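Notes to accompany the following structure.
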Amino acid sequence: MDDLRQKYLDLVAGAADEATLEDIRLQAVGKKGEVALKMRELGKMTPEERQIMGPKLNALKDEINAALAAKKAALADAALEERLRGEWLDVTLPARSRRLGTIHPVSQVTEEVTTIFADMGFAVAEGPQIEDDFHNFDALNIPPHHPARQEHDTFFMHRDEGDDRPPHVLRTHTSPVQIRAMLKQGAPLRVIAPGRVYRSDYDQTHTPMFHQVEGLAIDRDISMANLKWTLEEFCRAFFEVDEVELRFRASHFPFTEPSAEVDLRCSWENGQLKVGQGDDWMEILGSGMVHPKVLDASGVDSTQWQGFAFGIGIDRLAMLKYGIPDLRAFFDSDLRWLRHYGFAALDMPTMRGGLTR
Ligand code: PHE
């Protein structure tokens, strides 16, 4: 009986899986197992022998069953351990990035510009893209028959025959938002107005729809010096360089007096633009001191208030900063172009986090 005991305990200890354990169980304590066969022999024994052998066989059966159960539990534990090791996941790992489209350079630059001016205390103002004659021209000191109206290559909205009110237009610049902001908020005022504008023009650097950002600061003693500082500060932040040099060139806009066009010192080295150094100048914006007639047309008393305004081409800024050669491609919706020049979604520019990554 000791041999039998040792044989099965060894077999149980060496079993590698549950199926083997079941085989061992049948072979040992199953109906036709070795222990059962031994129990049948009890019938042929004398009562005395049976009294000794009966309990011994029962104890052996219990011991083997207990060993089987313990081994089964141990095997299940080991299997669970193994599975947990295999399915282990480090939830602190960064997510694998998946591109959900890209941000268009115009959107990116608009965000960058807005962020920089917001940091200087400018709020965002808005106006409609279909604008009336008053806001787009008249209030900006561009009366009917003024030559500036021709220079704007304006798209006019349809008017019924016999209706001779001035037609609405697709706004030719963001300057009408100056008027709307002053009429609505009065002075003092500090706003920028990014948005779409329209002119009938088409070549490598002109498209019939493009983007501008208007700037307007009105207070009691704002001067050209404030304008120059603001624009220099903006260019340094936008082009992400320590030094920029701006050149103010006398110019003319009906709605500013004096007026200046502003050029940025730069250089072109094998097709690459460098801002802040070199012998070239790149025109980037129009600006000036808001004309008293514009203030008065907007309900702001020009004997009490004065201020500066500027208008920057957003698409032009995007081309300069990101080295994009042809403006027309901006609006072709070519996926390959967007993937190349686009920006990662959710990577929004902030002054603290940086504009571009
Ligand atoms: N509106 C002018 C343009 O589109 C730019 C400008 C804005 C000039 C504000 C002076 C002041 O060309």
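For ligands, and for the atoms within them, numbers begin at 1 and follow the listed sequence. Computed from a prediction, not measured in an experiment: that's the story for all the values here.
Not counting sequence neighbours, the partners of F117 by the ring pair (Phe, Tyr, Trp, His ring centres under 6.0 Å) test are F122, F234, F310. The ring pair (Phe, Tyr, Trp, His ring centres under 6.0 Å) search around F248 returns none, not counting sequence neighbours. Residues forming a ring pair (Phe, Tyr, Trp, His ring centres under 6.0 Å) with W337 (at least two apart in sequence, or on another chain): H104, F330, Y341.
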Taking a 3.5 Å cut-off between nitrogen or oxygen atoms, can you list every pair linking ligand 1 to the protein, with distances?
{"unit_1": "ligand 1", "atom_1": "1 (N)", "unit_2": "H173", "atom_2": "ND1", "d": "3.0"}
{"unit_1": "ligand 1", "atom_1": "1 (N)", "unit_2": "S175", "atom_2": "OG", "d": "2.9"}
{"unit_1": "ligand 1", "atom_1": "4 (O)", "unit_2": "R199", "atom_2": "NH2", "d": "2.9"}
{"unit_1": "ligand 1", "atom_1": "4 (O)", "unit_2": "Q212", "atom_2": "NE2", "d": "3.0"}

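No path of Ile, Leu, Val, Met, Phe, Trp and Tyr side chains, each step under 4.5 Å between heavy atoms, connects F308 with L216, placing them in separate hydrophobic clusters.
I130 CD1: 12 or fewer foreign heavy atoms inside a 6.0 Å radius.
The aromatic ring centroids of H168 and F134 lie 6.0 Å or more from each other.
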